[in-house]
Student: 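Have a look at this one before I ask anything.
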Amino acid sequence: MIRAVKGTRDLLPPDTSVWNYVEQSARDLFGRYRYQEIRTPIFEQTELFSRGVGEETDIVTKEMYTWEDRDGSSLTLRPENTASVIRAFIEHGLHQQPGLQKLYYMGPMFRRERPQKGRFRQFYQIGAEMIGSESPLVDGEVIEMVVRYLEAVGLRDFKLLINSVGDAESRGRYVAALREQLAGVKEQLSADNQRRAETNPLRVLDSKDPQDEPVITTLPSIHEFLNAETKEHFAAVCAYLDDADVSYEVRPRLVRGLDYYTRTTFEIVHGALGAQNSVLGGGRYDGLAESLGSRVRAPGIGFSIGADRLVMSLQETAAGTIPVPVVDFALISMGDAAMRRNLALARSLRRKGAVVEVLFDGKLKRALDLANRLGARRTVILGDDELSRGAFMVKDMASGEQSELGEADVLNLVG
RNA sequence: GUGGAUGUAGCUCAGCUGGUAGAGCUCCAGAUUGUGGUUCUGGCUGUCGCGGGUUCGAGCCCCGUCAUCCACCCCA
């Protein structure tokens, strides 16, 4: 048997209706902030990600789907979408458009990791980027928007974590200090963290290994290294959120795995997700455009929501708010003449906006059974008796009551 | 890449200390001819993940392998 490859999956009804709901809600809400959709290719030149995401990141070093194309160029399935959006921004000179560029996207991303709860090799992100301003108010609005979005789709009990990872200068000093201090206590660290202490000291900060806890608590906070400007920027973001009544927790140890983040970073976690409890992550990336070769500065901030994880959380915590598909009319015909008449009725009903299921096969009893299981609100039963009177037998499936109506009266039931 | 758990009908699972497979749901047909949601009757579906081994005999034991899930790593 041919099966979906490891880490990929089929999204089937009724789950797909939740996906549609989540995606449509994003379009609606982001639109109110004047975001517009951008669609970039699913694959790009490998260099885009190695330069954008970071040569040394796990994503680039071991998780990308990369292959050599027939002409010898190296191509990669996108592991994330921010780099592509910035690439498109540069390529099409979007900085010349009036105002800030506010772009949202949704679609599949690919990372070759070991699958587990909430983690897939093909997964879906809904994200947004606001490019062209360094104002902390922009950070605040982006974060507020995504919080409002989660509220709008009915997610509850999520927690917003924010931090500032500093600009290049202050972060450089911080990393150097961490590296130095960790070198002194290396023996006390777990094996994983001994390695990270050298390769990526920031990662030591959010280690889950209890063995490392004593050392971690002695480490300085990034906030001690932030320069005045960065500190002020972060304070302004927090002030925005306070004004907006968005609750958050400052987590000085929150670091992110993509190299391009500067200053504000944030994450939203939810308890229903198991170990992979992050529903979305995001942050500011003031230097990304330049590192991709842009001659114009294009500071920006964005986030991406793990749609798989959002859907999962909604299904575990807010099942009642997820709309279920309805069938307004199920049409049952006895005989060919009745079927033709019903098909015409179906056309009229659908023109008026009703959801109509024509039952093509089976006896009356079986058809009613099926209509019932499909959740039909009403069934129309049509046989020779009704035909001869030019009427339809309309049955209310909840009450069981039925009455014979002319076509106009049937159509009037819509809405 | 590392570790743990699990793999029995379409789905959820049972199967005692080894004696060649079961339940519920689903699906199909029926309970006098045009009436569902309850009930009843009957029926279909399995190389017990795959390959080896031990044994008179293995779904149950051993080895290998694959897959899935969970966790680590990392992230969405």
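What you see below is based on every heavy atom in this structure, not just the backbone, and it leaves out hydrogens, waters and symmetry mates. Convention: sequence-line order gives letters A, B, ...; per-chain numbering from 1.
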Student: If you look at every strand shown and take non-hydrogen atoms under 4.0 Å, does Phe120(A) touch a base, only sugar-phosphate, or nothing?
Tutor: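 Here Phe120(A) touches the bases of the nucleic acid.
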Student: What does nucleotides 35-41 of chain B look like as a protein-contact string, B for base, S for sugar-phosphate only, - for none, at under 4.0 angstrom between heavy atoms?
Tutor: BBB----
Student: Could a donor-acceptor pair under 3.5 angstrom be found where the side chain of Arg309(A) meets the base of rC75(B)?
Tutor: yes
Student: State whether Lys395(A) and Glu401(A) are salt-bridged, where the test is any N-O pair (Lys NZ or Arg NE/NH1/NH2 against Asp/Glu carboxylate O) under 4.0 Å.
Tutor: no
Student: Going through the checks in order, is the salt bridge (charged side-chain N to carboxylate O under 4.0 Å, His left out) test met by Glu44(A) and Arg78(A)?
Tutor: CA-CA 7 Å; Glu44(A) 299 265 7; Arg78(A) 62 183 187 191; over 6 Å; no
Student: To the nearest angstrom, how far is Glu63(A) atom CD from rC75(B) atom C1'?
Tutor: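 Between C1' of rC75(B) and CD of Glu63(A): 7 Å.
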Student: 5'-most contact on RNA chain B: Arg119(A) or Val5(A), nearest heavy atom basis?
Tutor: Val5(A)
Student: Rounding to the closest angstrom, what is the interatomic distance between rA21(B) and rA14(B) at atom C1'?
Tutor: 11 Å
Student: Is any side-chain N of the basic residue among Arg284(A) and Asp139(A) closer than 4.0 Å to the acidic one's carboxylate O?
Tutor: yes
Student: Could you state the atom-to-atom distance from CE of Met334(A) to P of rU33(B) in whole Å?
Tutor: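 Distance check: Met334(A) CE to rU33(B) P gives 13 Å.
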Student: Quick one: is Arg366(A) getting a side-chain N or O under 4.0 Å of the rA29(B) phosphate, OP1 or OP2?
Tutor: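 True: Arg366(A) side-chain N/O within range (under 4.0 Å) of rA29(B) OP1/OP2.
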Student: When the P atoms of rG59(B) and rG49(B) are considered, how many whole Å apart are they?
Tutor: 10 Å
Student: Suppose we define a pair by two distances each less than 3.5 Å, Watson-Crick or G-U wobble; what does rG7(B) pair with here?
Tutor: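 Across any shown strand, rG7(B) pairs with rC66(B).
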Student: Under 4.0 Å, counting only non-hydrogen atoms across every strand here, what does Gly127(A) touch: a base, just sugar-phosphate, or nothing?
Tutor: nothing
Student: Grab the CG-C1' distance between Leu254(A) and rC75(B) for me, whole Å please.
Tutor: 12 Å
Student: Using atom CD1 of Ile59(A) as one end and atom P of rG1(B) as the other, report the distance to the nearest whole Å.
Tutor: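 Ile59(A) atom CD1 is separated from rG1(B) atom P by 18 Å.
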Student: In whole Å, what is the span from the CZ atom of Arg203(A) to the C1' atom of rC75(B)?
Tutor: 8 Å
Student: Per the atom types in the model, does the base of rC73(B) pair as donor or acceptor with the side chain of Gln116(A) at under 3.5 Å?
Tutor: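 Indeed there is one.
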Student: Rounding to an integer number of Å, can you tell me how far Leu12(A) CG sits from rC11(B) P?
Tutor: 12 Å
Student: Is the shortest side-chain N to carboxylate O distance from Arg366(A) to Asp361(A) below 4.0 Å?
Tutor: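 Looking at Arg366(A) and Asp361(A), the cut-off is not met.
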Student: Measure from the side-chain heavy atoms of Lys363(A) and tell me the nearest of rG30(B), rC69(B), rA76(B).
Tutor: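 Nearest nucleotide to the side chain: rG30(B).
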Student: Any Lys/Arg nitrogen of Glu37(A) or Arg27(A) sitting under 4.0 Å from an Asp/Glu carboxylate oxygen of the other?
Tutor: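 Yes.
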Student: Is rG1(B) paired to anything, Watson-Crick or G-U wobble with both distances less than 3.5 Å, and if yes, which nucleotide?
Tutor: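 Across all strands, the one nucleotide that pairs with rG1(B) is rC72(B).
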Student: Please determine, for rG42(B), whether a Watson-Crick or G-U wobble partner exists with both distances under 3.5 Å, and give it or none.
Tutor: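 Its partner is rC28(B) (Watson-Crick or G-U wobble, both distances under 3.5 Å).
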Student: In the structure shown, which nucleotide is the Watson-Crick or G-U wobble counterpart of rG57(B), with both distances under 3.5 Å?
Tutor: none
Student: With P as the reference atom in both, quote the distance from rC16(B) to rU6(B) in angstrom, rounded to an integer.
Tutor: 15 Å
Student: Is the closest basic N to carboxylate O distance between Arg173(A) and Glu169(A) below 4.0 Å?
Tutor: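 Yes, this pair counts.
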Student: Using atom C1' of each nucleotide, how far apart are rU55(B) and rG18(B) to the nearest Å?
Tutor: 9 Å
Student: Write down the distance separating the P atoms in rC48(B) and rU8(B), rounded off to the nearest Å.
Tutor: 11 Å
Student: Starting from P on rC73(B), measure out to NZ on Lys62(A) and report it in whole angstrom.
Tutor: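 These atoms are roughly 11 Å apart.
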Student: Could you let me know what rU33(B) is paired to, Watson-Crick or G-U wobble, both distances under 3.5 Å, or none if it's on its own?
Tutor: none
Student: Assuming nearest nucleotide by heavy-atom distance, tell me which of Gly282(A) and Lys117(A) is located more 5' along RNA chain B.
Tutor: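 Looking at the nearest nucleotide for each, Lys117(A) comes out on the 5' side.
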Student: Of the candidate nucleotides rU68(B), rC72(B), rC75(B), which contains the atom at the shortest distance from the side chain of Arg3(A)?
Tutor: rU68(B)
Student: Are side-chain heavy atoms of Met109(A) and Gln122(A) found at a separation under 4.5 Å?
Tutor: no
Student: Considering only atom C1', compute the distance from rG3(B) to rA9(B) and round it to an integer number of Å.
Tutor: 33 Å
Student: Picking from rG30(B), rA76(B), rC73(B), which would you name as closest to the side chain of Phe123(A)?
Tutor: rA76(B)
Student: Rounding to an integer number of angstrom, what distance separates rG57(B) and rU20(B) when you compare their C1' atoms?
Tutor: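 Those two atoms are separated by 8 Å.
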Student: Can you confirm if the NZ or CZ of Arg263(A) lies within 45° of the ring axis of Phe234(A) and under 6.0 Å from the centre of its six-membered ring?
Tutor: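 Arg263(A) over Phe234(A) ring: no.
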Student: May I ask which nucleotide in the shown strands pairs with rC13(B), Watson-Crick or G-U wobble, both distances under 3.5 Å?
Tutor: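 Because both required distances fall under 3.5 Å, rC13(B) counts as paired with rG22(B).
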Student: Given the C1' atoms of rA58(B) and rG19(B), what is the spacing between them in whole Å?
Tutor: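 Their C1' atoms lie roughly 9 Å apart.
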Student: Going by an N to O cut-off under 4.0 Å, is there a salt bridge joining Glu113(A) and Arg121(A)?
Tutor: no
Student: Given atom CD1 of Ile305(A) and atom P of rC75(B), what is their separation to the nearest angstrom?
Tutor: 19 Å
Student: Whether Arg373(A) and Asp369(A) form a salt bridge (side-chain N of Lys/Arg under 4.0 Å from carboxylate O of Asp/Glu) is what I want to check.
Tutor: yes
